[in-house]
Amino acid sequence: MRLSRYFLPVLKENPAEAQIVSHRLMLRAGMIKQASAGIYSWLPLGFKVLRKIENIVHEEQARAGHMAMLMPTIQSADLWRESGRYDAYGEEMLRIKDRGGRDMLFTPTAEELITDIFRAHVSSYKDLPLTMYQIQWKFRDEIRPRFGVMRGREFLMKDGYNFDLTKEDALHSYHRHLVSYLRTYERMGLQAIPMRADSGPIGGEYTHEFLVLAETGESEVFYDSTVTDLTFGDREIDYDSHQECAAIMEEFTSRYARTDETHDEALFNEIPEERRRSARGIEVGQIFYFGTQYSEALGATVQVPEGKPVPVHMGSHGIGVSRLMGAIIEANHDDKGIIWPEGVTPYHAGIVNLKQGDAEADAACEKLYKSLTALGLEPLYDDRNERAGGKFATMDLIGLPWRITVGPRGLKNGVVELTSRRTGESEEMPPNKAVERIHQIYSGHHATEHVEMMAKRSFHTYI
Ligand code: ATP
Ligand code: MG
């Protein structure tokens, strides 16, 4: 992409309405525009990152053996009356009437609809286990939408649902989701700590929330500091193995880590004092096992070889896809702007031409642009007729992890400059070396895999 043709409405001033840094930077970098309270348009740069986040979620769900699908945003109230949640959900549910006077609603979550699909098509235990998920817009009429995309009214959520024959199988699904979520967040450059949580209106006894530690987080959390030493890394794991998934579950959830709703002061005090931490966190996901409560209410049963049909064991699992963008920025920025982790950066590298119109500099930039593109990478080329200072400020604000600076003086010696946004360190090298280096960096970050998956388009993505 060439910046001269891009729609990037950067703001010079700090917008007064933004209270936290991620909201401020998303507005300043021209990523989103508020349409009404808690409802946003996603401008090209913001939408590009949103797709990157979605794609990582899709890839990790596919790896865990879960199937992508898509359910409607507008649902009939009937199913929700059947489950008893139409009234229970309260004011957060946006209720709508169609022209025939029928009660409809904008989906805040989809347990009812997926269970309806299940009961219509699955009747035998032989069709289990089954896990399907979607990435779809949700609406919750939050009392206080705030902090930009962090607490919106309309927001993008990955919601997944598992159907299993027994509690044991459903707990395997629970563990498998935990593992896949750990990988998902790490690929986005985030440490999200699974913490024991409260199940709230969904019900059920097993639930963990994933929290990214940040001062601006809305949740109060308590944990043993050693949980922050745990990383999943690039371990290969057999998702079908109950044992392997359970072992990871054990490893990541046996130490004390709880939200304020489940916090137990006495248990917490058993941890050596120097390891006790209380902090703020951003909830970026939650997993639930809730047994047979929805399947009983909605009659989702399967025939077993002996005896009567039995209700299936279910769980549901959510990732705050749009909230994640805010969380990633909260965890990765400095006073100049965003610092994207390689896994979600909107463009892989920026090219800054210090002297637009200089034949040699222009040609070198074009060549860099083409070489990077040929390798399946996406550069953002600042080809505007602007001063170097302005170009650097824009690049720093939008936070691409790598910048190649090209100027007539360097080219005389056959070099360009490669700069890391995170460390600020620069190194001079011949242009082809810079291309090679960037290629290498992204090969180590699932880039090749990412590109391959895109090429296959095995699932719905907005490319
Ligand atoms: P919260 O406690 O923050 O209101 P929740 O527990 O009600 O969230 P879930 O039903 O668990 O939310 O939804 C799954 C994920 O969707 C959450 O972990 C969160 O990341 C995201 N999410 C929930 N509500 C919002 C919102 N209003 N805006 C943006 N993301 C949200
Ligand atoms: Mg939650």
Side-chain angles (χ1 to χ4, degrees), residues 20 22-23 26 32 34-40 42 46 50 53-54 56-57 61 73 85 88-94 106-114 133-161 174 177-178 180-182 184-185 188 190 192-204 206-214 216-221 258-262 280-290 294 314-331:
I20 61 171
S22 57
H23 188 194
M26 286 181 76
I32 51 169
Q34 182 173 305
S36 56
I39 303 178
Y40 290 87
W42 295 80
L50 195 65
I53 295 174
E54 275 187 79
I56 291 177
V57 174
Q61 289 300 301
T73 51
R85 280 210 295 183
Y89 220 95
E91 301 249 69
E92 270 192 17
M93 181 184 275
L94 182 65
F106 197 115
T107 176
T109 175
E111 281 82 7
E112 280 76 0
L113 198 58
I114 189 101
Y133 76 95
Q134 64 173 348
I135 297 181
Q136 177 62 294
W137 294 94
K138 304 291 184 300
F139 195 94
R140 294 183 186 171
D141 203 353
E142 302 272 356
I143 287 194
R144 227 152 57 96
R146 56 183 183 156
F147 300 158
V149 300
M150 292 276 217
R151 183 162 299 281
R153 293 197 297 166
E154 187 188 53
F155 59 97
L156 192 58
M157 194 208 282
K158 172 264 170 182
D159 46 323
Y161 306 88
Y174 187 79
H177 277 88
L178 180 120
S180 70
Y181 280 24
L182 289 171
T184 302
Y185 298 121
M188 296 173 189
L190 283 178
I193 305 168
M195 300 202 180
R196 195 190 290 198
D198 183 54
S199 64
I202 284 192
Y206 293 84
T207 183
H208 282 86
E209 284 181 356
F210 289 78
L211 285 117
V212 172
L213 299 175
T216 50
E218 291 186 283
S219 312
E220 190 179 12
V221 298
R258 296 188 178 202
T259 63
D260 55 354
E261 295 153 338
T262 56
R280 312 288 305 174
I282 302 166
E283 181 196 329
V284 291
Q286 186 163 11
I287 55 177
F288 297 90
Y289 160 66
F290 43 69
Y294 291 92
M314 290 177 62
S316 70
H317 316 276
I319 293 181
V321 173
S322 48
R323 178 181 288 182
L324 268 167
M325 194 165 330
I328 292 168
I329 297 174
E330 290 294 325

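Counting starts at 1 for both ligands and their atoms, following the listed order. Values below: every heavy atom of this structure, side chains too, minus hydrogens, waters and symmetry copies. The residues of the chain are indexed from 1 along the displayed sequence.
- With I135 as reference, V321 is the one residue of I53, L50, V321 to meet the side-chain contact (heavy atoms from CB on, under 4.5 Å) rule.
- Contacts with ligand 1 closer than 4.0 Å are made by heavy atoms of both the backbone and the side chain of R151.
- With a 4.0 Å cut-off on non-hydrogen atoms, R140 touches ligand 1 through its side chain and not its backbone.
- Between the side chains of T73 and Q136, no donor-acceptor pair of N or O atoms lies under 3.5 Å.
- Those atoms of ligand 1 that come under 4.0 Å of a heavy atom in V284, given as number and element, are 18 (O), 20 (O).
- At a heavy-atom distance under 4.0 Å, no atom of R153 approaches ligand 1.
- Looking at E330 and R323, no side-chain N of the basic residue comes within less than 4.0 Å of a carboxylate O on the acidic one, giving no salt bridge.
- E283 and L211 get closest at one heavy-atom pair: N-CD2, 3.9 Å.
- E218 and R151 are joined by a salt bridge, as a carboxylate oxygen and a charged side-chain nitrogen come within less than 4.0 angstrom of each other.
- Within the 4.0 Å heavy-atom criterion, the part of M157 lying near ligand 1 is the side chain and not the backbone.
- Of all the heavy atoms of V149, the ones lying under 4.0 Å from any atom of ligand 1 belong exclusively to the backbone.
- Checked against a 3.5 angstrom limit, the closest N/O atoms of S322 and ligand 1 fall outside it.
- Heavy atoms only, all atoms of each residue included: S36 and R153 are closest at OG-NH2, 4.3 Å.
- When all heavy atoms are compared, the tightest approach of W137 to F106 is O-CE2, 3.8 Å.
- Near the Mg ion (ligand 2), less than 2.8 Å away, sit the protein N, O or S atoms E283 OE2, Q286 OE1.
- Of the N or O atoms in G152, one or more lie within a sub-3.5 Å distance of an N or O in ligand 1.
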